[in-house]
There are 4 protein chains.
Amino acid sequence: MAVPIVAAGQAPPEPARVGAKRGRPRRADADDAILTAALELLAEAGVAGLSMDVLAQRAGVGKATIYRRWVSKEALILDALRTTNAPIPAPDEGNVRADLITYTDAVVERFGADRASDVLPHLIEASCYDDQLRSSLDDYLRGRQATIRLILQRGIDRGELGADTDVDLVVDLILGPFFYRHLLTGAPVDRDFAHRLVDVALR
Amino acid sequence: MAVPIVAAGQAPPEPARVGAKRGRPRRADADDAILTAALELLAEAGVAGLSMDVLAQRAGVGKATIYRRWVSKEALILDALRTTNAPIPAPDEGNVRADLITYTDAVVERFGADRASDVLPHLIEASCYDDQLRSSLDDYLRGRQATIRLILQRGIDRGELGADTDVDLVVDLILGPFFYRHLLTGAPVDRDFAHRLVDVALR
Amino acid sequence: MAVPIVAAGQAPPEPARVGAKRGRPRRADADDAILTAALELLAEAGVAGLSMDVLAQRAGVGKATIYRRWVSKEALILDALRTTNAPIPAPDEGNVRADLITYTDAVVERFGADRASDVLPHLIEASCYDDQLRSSLDDYLRGRQATIRLILQRGIDRGELGADTDVDLVVDLILGPFFYRHLLTGAPVDRDFAHRLVDVALR
Amino acid sequence: MAVPIVAAGQAPPEPARVGAKRGRPRRADADDAILTAALELLAEAGVAGLSMDVLAQRAGVGKATIYRRWVSKEALILDALRTTNAPIPAPDEGNVRADLITYTDAVVERFGADRASDVLPHLIEASCYDDQLRSSLDDYLRGRQATIRLILQRGIDRGELGADTDVDLVVDLILGPFFYRHLLTGAPVDRDFAHRLVDVALR
DNA sequence: GATTAACCGAGACGGTACGTCACGTCTTTAA
DNA sequence: TTAAAGACGTGACGTACCGTCTCGGTTAATC
């Protein structure tokens, strides 16, 4: 996931294909070691407990090796997030509403487990100071919409939803309130809440 | 806004009115001086530029004086936010949809002006590590729902909306997507978007 | 020995006598704690083993406290050197030659004990990059000539030496070869060598 | 000057002439390229500016190539010093005093030009941690006595000086005070000072 | 009027993390 | 085998904050 010089999540920009690569290649397993250690530390003590010194030591790696692979601590954290947070697979029960319910139930469950995770809040804040991170994070978060978009698109293809369905809006109507409650007001996020959102969005 | 010892936003719990106070009373103008300096620094360099040392110097105040009035840097920032971000007044045009449109237009405008404010993200993150702050922030953010709740309640009272209207849900449907776009995906937040949200919420 | 802001060894320049001192005063015992820890570390592992992190920890002090009292690691080391290396007292046997012999014997002994001390070499190098240190070190080293100068002056006062005696030259003739052998050529520095130097210098 | 594996200044121990050479031969011009680059960097920024990474890049050479030819950075620096600092040729005017004056005048001039060179101090310090370097440096510095020893020997051979002249002592008496002033006290080193040293040494 | 107690500005305190740099070694591909 | 390139683990650097503590000095209410 880590890339030569660019920010996290950016595709490696053809690393000077011509001359091929000279010099000692990067340790192949270092990325994994670092990300694994990062996830451990995040689980143990949250973002606040993830200091670069400790991370390097835990991963058995020099700090420079980390900074060679990620432009910043936050780019690394974002990649760690990507690693853990496997996308929720799209159910396909032939019915948009059923699919969305299944999907949102999974989201609710994950939010519950994710309880008090400070990773996303940290990245949101950090992205205020770092444009590269901002766009990486936006990419990541828009990517997380893929499942729900797929469900909707299938519905449109099946004729279950009108061709003029505002997919963007439906996505925001379902995910927006989720995050709003989870990150901002602290109001409960449960299945009932999710179902009502789906009902409204499909109304 | 600042209180003797409790967290930001908590009502001062009757400061032991009984025994009255001995000793030198607190400087009356210090709260203002501190909040003003804080707002200046936030405007100049964001949360990252608001160090307690600089703040104390700017406000012409000792650091201890700040910590005597707010439990933490973040409690202070939250109060500063409260100070700037005056609540948007509830329009009253006798029509729920019109009122919501007027209101959301104001929100859109403020979000635009708020461009790249890192204050809210910072507080969200900090609240992950500080329960007192967490609840203060939740209070504040729920308080920001007052306007929209008032509009809806008036509609219900007028019979324009059914008595069984799920106010909580409508609030989340309107505000959730706003913050989701603003803080997370970075998608544009404009009047058109707001109007569609209102339409769906009232549908 | 440490001084508010100026380099090591500089006399504290009347610390703004007017306004007296405001703010919390510096910990009185910190200087000692730091210098003692520094001397321990120097004894254990030489200059190379004296890292600021370890020193701070050993002295039970924050790094900032050290940097508040000494402008640089080297200024601190110089003060540590001053602390250990008490001046050799001037003998007074009523005879210049006898006094010088006694004195140089003491120097020889100290050089022997000083075996492999890397402190002075380190300071000499560091002083190439730091003018303030350079002049502090010069002061210190010229101060170390005091004993020998006193012996000679007494001789002049007694009429044992001519009033036109070139004291500077005699000092350099005795100390120069000492350091030259000790630091540069590694040739042995013993009493016999010292005696011959004294004989030549007084010839 | 560089040698296969041994310390700087050691004679190359017959580089396994027998089996001839297998594999890629060493670049013949690398030594020169490295030393030249080293001298440039020393001139530009002193020892502190001579990092091995920069040096390798400047010389168009891999770091391993440098370490294959010199055991350490300091061994390389010593060789660089040897390269620049050509020995001062021995004058031969048939008179010891005149020869010494001519010689010391040249030394004074070089010291003046050498102003603030940090090379020698650096090597002196480094030699505290590295025995091999220590003896190489001692060799080098004793080698620098050759000129003055030659002048004295000629004087002895001519009968101008007694056969019992303590050559070692005379050398130390002349060079010791030079270095003492130059490296330690920072006192001026001029022709007058040198002449007085010669007078005393020959008295 | 004296005492007491909480406040005040200033700034030093012990900690902790940061990101950079240089070291000397190791690992590639190419000659 | 040696070359150039450059990644590697290590560890020190000096800075910047944090939130607390300690000064000498006010400023009331209480005694």
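Source: prediction; values computed, not measured. The sequence lines fix the lettering, A, B, ..., with proteins before strands; numbering per chain opens at 1.
- Following rounding to the nearest Å, A/Arg68 (CZ) and E/dG19 (P) show an atom-to-atom distance of 16 Å.
- Judged by closest nucleotide on DNA chain F, D/Ala30 is the one of A/Ala56 and D/Ala30 placed further toward the 5' end.
- Comparing the axis of the opening five pairs of the helix from E/dG1-F/dC31 to E/dA31-F/dT1 with that of the closing five pairs yields an angle of 20°, rounded to 10°.
- Atoms CG (A/Asp31) and P (F/dC8) sit 9 Å apart, rounded to a whole Å.
- In this structure, B/Leu55 places its CG atom 12 Å from P of F/dG19, rounding to the nearest Å.
- One interatomic measurement links the two molecules: CZ of B/Arg69 to C1' of F/dG19, which rounds to 17 Å at whole-angstrom precision.
- With sequence neighbours excluded, no residue forms a side chain to side chain donor-acceptor pair (under 3.5 Å) with B/Arg24.
- Phosphate proximity of F/dG9 to A/Arg24: absent, as no side-chain N or O sits under 4.0 Å from OP1 or OP2.
- Shown here are the salt bridge (Lys or Arg N to Asp or Glu O under 4.0 Å) partners of D/Asp131, two or more places apart in sequence or in another chain: there are none.
- Taking 4.0 angstrom as the limit, B/Thr65 places a side-chain polar atom (N or O) nearer than this to OP1 or OP2 of E/dG9.
- Side-chain atoms of B/Arg69 and B/Arg27, non-hydrogen and from C-beta on, do get closer than 4.5 Å to each other.
- At least one donor-acceptor pair closer than 3.5 Å links the side chain of D/Asp118 to the backbone N or O of D/Val47.
- Proximity of a side-chain donor or acceptor of B/Thr65 to a complementary backbone N or O of B/Val61 within less than 3.5 Å is not detected.
- Between the P atom of F/dG19 and the CG atom of B/Leu50 lies a distance of 11 Å, rounded to the nearest Å.
- Nearest-nucleotide positions on DNA chain E place B/Arg27 closer to the 5' end than the other of A/Val54 and B/Arg27.
- Residues forming a side chain to side chain donor-acceptor pair (under 3.5 Å) with A/Glu40 (at least two apart in sequence, or on another chain): A/Arg58.
- Not a single donor-acceptor pair under 3.5 Å links the side chain of C/Lys63 to the backbone N or O of C/Gln57.
- Between the P atom of F/dT26 and the CZ atom of C/Arg22 lies a distance of 11 Å, rounded to the nearest Å.
- When each of A/Gly62 and B/Pro25 is assigned the nucleotide of DNA chain F bearing its nearest heavy atom, the one mapping closer to the 5' terminus is A/Gly62.
- Taking A/Tyr67 as the reference, nothing meets the side chain to side chain donor-acceptor pair (under 3.5 Å) condition, with sequence neighbours excluded.
- For C/Ile66 and C/Gly23, each mapped to the nucleotide of DNA chain E holding its nearest heavy atom, the one lying further toward the 5' end belongs to C/Gly23.
- Looking at D/Leu41 and D/Glu44, their side chains come closer than 4.5 Å, going by heavy atoms from C-beta outward.
- Going from atom CG of B/Asp29 over to atom C1' of E/dC7 covers 13 Å, rounded to whole Å.
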Protein N or O to nucleotides 14-16 of chain F N or O, pairs below 3.5 Å:
{"from": "F/dG14", "atom 1": "OP2", "to": "C/Tyr67", "atom 2": "OH", "distance (Å)": "2.3"}
{"from": "F/dG14", "atom 1": "O5'", "to": "C/Tyr67", "atom 2": "OH", "distance (Å)": "3.3"}
{"from": "F/dG14", "atom 1": "N7", "to": "C/Lys63", "atom 2": "NZ", "distance (Å)": "2.9"}
{"from": "F/dG14", "atom 1": "O6", "to": "C/Lys63", "atom 2": "NZ", "distance (Å)": "3.0"}

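- Going from atom CD of C/Gln57 over to atom P of E/dG14 covers 13 Å, rounded to whole Å.
- Distances were taken from every side-chain heavy atom of A/Arg26 (C-beta onward) to each of F/dA29, F/dC8, E/dC8; the shortest belongs to F/dC8.
- The closest side-chain heavy-atom distance from D/Ile124 to C/Glu125 is not below 4.5 Å.
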